[in-house]
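Structure record follows, encoded as structure tokens.
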Amino acid sequence: MEKKKLHIGLIGYGGMGSWHARMLNEIPETSLCGIWDIDPDRREAAAAAGIHVYESQQELLNDITVEAVTIATPNDTHLPVALAVMSAGKHVVCEKPVALNREELAQMTDYSRKMGVLFTVHQNRRWDEDYLIIKQLYDRQSLGRIFNIESRVHGSRGIPGDWRNQKQHGGGMVLDWGVHLLDQMNMMLGSRKPLSVFAQLTNVTNEAVDDGFRALFQFDDQLTFLVEVGTSNFISMPRWYLQGENGTAVIHDWKLNGEIVMVSDWEKRDAVPVVTAAGLTKTMAPRTDETVKKYPLPEVHSDIRDFYRNVNACIHEGAKPLIQLDEVMEVMHIMEAVFRSAEQNSVVYL
């Protein structure tokens, strides 16, 4: 039996909006009814791509064929647009960060329940295969007890020159990329919650918003988790670095280049000293080849189309949303702690 299609409207046709449009047109379970954007150039671009363009946001909301609306507008507009969509009795898919703070998210959540509509968030980086590889290694504990995880994204072009570099629109890298990496941290560690965070923001390219940050989280059992975003990195550090008692895994880049190195012989402790201009060291000398083994990273595959398939199943079949609002709220809580730690230049306990 063929599944019922989900008919979706799209508000916002910028970078992510156009991505959603392409995705919705590729999935058999969804049908894109049309878009609205306040920018005439973006409306023209949508029309040139063969997409129906509504005359106004209200016309889109008045369209009885539209069952759900995806919101891909600047961060500060998510709240009013979402409330308008819900008031029209339509389900909501919102881009991240869903709101600027926990109070806004709570308002959106409460109103969605009052109106009896689905409200979910596009936390798409849960489908990134680099993350899923590291999560699998963590889950299997094949490197022994994991004691340190480092997650980084580095660029060298500063913040995009649009609303993302403006504080009033919810710009900055904590809200733009931190929301992804912190969500991945939470989903990876599951019931383990961070005990504290020490964070630093950077303002290399502008003073209005953060163009990067470092946040070091402490967990139980002496686990540390470093989350770092930079936009002035002309040599990038590894995307992931995972340390266990018996080995280390690294993913260098988005193309999943990396490896796993594990100890194969703990008994052979002799090392060839490393000689430097100022002396020698055996402590920091690399292990000899016969005491370690190298392994390729495991293959993990995902399909981001499952996000909208799940939205369809939630609305038409009563399925459970893959993105739970309490998970989103926890990420908002952690982002607020990151800002507070940086402002106070101190550890914040969670």
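What's counted below: heavy atoms across the whole structure, side chains too, no hydrogens, waters or symmetry copies.
Looking only at distances, a side-chain donor or acceptor of Asp211 sits under 3.5 Å from a matching main-chain atom of Thr205. With hydrogens and angles disregarded, no donor-acceptor distance shorter than 3.5 Å links the side chain of Ser196 to the backbone of Tyr349. With Thr291 contributing its side chain and Thr288 its backbone, the two residues share a donor-acceptor pair below 3.5 Å. Asp220 places no side-chain N or O within 3.5 Å of a backbone atom of Leu223 that could act as its donor or acceptor partner. Proximity of a side-chain donor or acceptor of Thr248 to a complementary backbone N or O of Gln243 within less than 3.5 Å is not detected. At distances below 3.5 Å, at least one donor-acceptor pair connects side-chain atoms of Lys5 with backbone N or O atoms of Pro28. For the pair Asn310 (side chain) and Asp306 (backbone), a donor-acceptor distance under 3.5 Å is absent. A donor-acceptor pair under 3.5 Å is absent between the side-chain atoms of Thr202 and the main chain of Val204, judged by distance alone. Remark: side-chain polar atoms of Asp76 are not paired, donor with acceptor, to backbone N or O of Gly170 under 3.5 angstrom. Of the possible polar contacts, none joining the His91 side chain to the Ala68 backbone as a donor-acceptor pair under 3.5 Å is found.
To the nearest 0.5 Å, atom CD of residue Gln184 and atom CG of residue Asp128 are 5.5 Å apart. In this structure, Leu175 CG and His180 NE2 are separated by 11.5 Å, a value rounded to the nearest 0.5 Å. Interatomic distance, Trp127 CH2 to Leu322 CG, rounded to the nearest 0.5 Å: 5.0 Å. The CD1 atom of Ile334 sits 10.5 Å away from atom CD of Glu336, with the distance rounded to the nearest 0.5 Å. The CE atom of Met16 lies 4.0 Å from the CD atom of Glu95; values are rounded to the nearest 0.5 Å. Rounding to the nearest 0.5 Å gives a distance of 12.0 Å between CD1 of Ile51 and SG of Cys33.
Crowding of Lys193 atom NZ: a count of heavy atoms from other residues, nucleotides or ligands under 6.0 Å exceeding 12. Few gaps surround CD on Glu103; more than 12 heavy atoms of other groups in view lie less than 6.0 Å from it. The local environment of CD in Gln344 is crowded, with over 12 non-hydrogen atoms from other residues, nucleotides or ligands closer than 6.0 Å. Annotation for Glu299: atom CD does not count as buried by contact number, only 12 or fewer foreign heavy atoms lying within 6.0 Å. Around the CG atom of Leu195, the shell of radius 6.0 Å holds more than 12 heavy atoms that belong to other residues, nucleotides or ligands.
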- Show your working on salt bridge (Lys or Arg N to Asp or Glu O under 4.0 Å) between Glu327 and Arg126 and close with a plain yes or no. CA-CA 12 Å; Glu327 299 165 351; Arg126 293 189 187 185; 2.9 Å; yes
- Message: Pair Glu150, Arg152 - check salt bridge (Lys or Arg N to Asp or Glu O under 4.0 Å), show working.
- Response: CA-CA 7 Å; Glu150 299 176 13; Arg152 295 181 176 87; 2.8 Å; yes
- Might you work through the salt bridge (Lys or Arg N to Asp or Glu O under 4.0 Å) test for Lys96 and Asp183, ending with a clear yes or no? CA-CA 11 Å; Lys96 42 53 57 184; Asp183 183 64; over 6 Å; no
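Using a 4.5 Å heavy-atom threshold, the side chains of Met188 and Tyr131 count as touching. Side-chain atoms of Ile159 and Met173, non-hydrogen and from C-beta on, do get closer than 4.5 Å to each other. For the pair Glu67/His316, a side-chain contact is recorded, criterion being any heavy-atom separation below 4.5 Å from C-beta on. Contact of the His301 side chain with the Glu129 side chain is registered, since non-hydrogen atoms from C-beta on lie closer than 4.5 Å. Taking 4.5 Å as the limit, some side-chain heavy atom of Val66 sits within range of a side-chain heavy atom of Lys90. A heavy-atom distance below 4.5 Å is not found between the side chains of Ile260 and Lys294. Within the 4.5 Å cutoff, side-chain heavy atoms of Leu189 are placed close to those of Tyr138. No side-chain heavy atom of Thr224 sits less than 4.5 Å from a side-chain heavy atom of Phe147.
The aromatic rings of Trp240 and Phe225 sit perpendicular, their planes meeting at an angle over 60°, well past the 30° parallel limit. Ring geometry for His52 versus Tyr54: interplanar angle over 60°, hence perpendicular rather than tilted (30 to 60°).
In this model, no donor atom of one side chain and acceptor atom of the other lie less than 3.5 Å apart for Asn233 and Ser156. At a cut-off of 3.5 Å, with distance as the only test, no side-chain donor of Asp139 or Gln141 sits close to an acceptor on the other residue. No donor-acceptor contact under 3.5 angstrom links the side chains of His252 and Glu259, judged on distance only. Checking Arg239 against Ser151 by side-chain atom types alone, a donor-acceptor pair falls below 3.5 Å. No hydrogens or angles considered: a donor-acceptor pair under 3.5 Å links the side chains of Arg140 and Gln136. Looking only at atom types and distance, the side chain of His333 has a donor-acceptor partner in the side chain of Arg102 under 3.5 Å away. Side chains of Tyr308 and His20: a donor-acceptor N/O pair is present below 3.5 angstrom, by distance only.
Closest approach of Ala99 to Met332, counting heavy atoms only: O-CE, 3.4 Å. Closest non-hydrogen pair, Ile38 versus Pro40, comes out as O-CD, 3.4 Å. The nearest pair of heavy atoms linking Ser341 to Ser346 is OG-O, 2.6 Å. Of all non-hydrogen atoms in Phe119 and Cys94, the two that sit nearest each other are CE1-CB, 4.2 Å. Ala82 approaches Val92 most closely through the heavy-atom pair O-CG2, 4.1 Å. Between Asp265 and Glu290, the shortest heavy-atom contact is CB-O, 4.3 Å.
Looking at Lys255 and Asp253, no side-chain N of the basic residue comes within less than 4.0 Å of a carboxylate O on the acidic one, giving no salt bridge.
Ring to ring, His122 and Phe307 are close: their centroids are under 6.0 angstrom apart.
Both Leu181 and Val300 belong to a single network of hydrophobic side chains, linked directly or stepwise wherever heavy atoms of I, L, V, M, F, W or Y lie under 4.5 Å apart.
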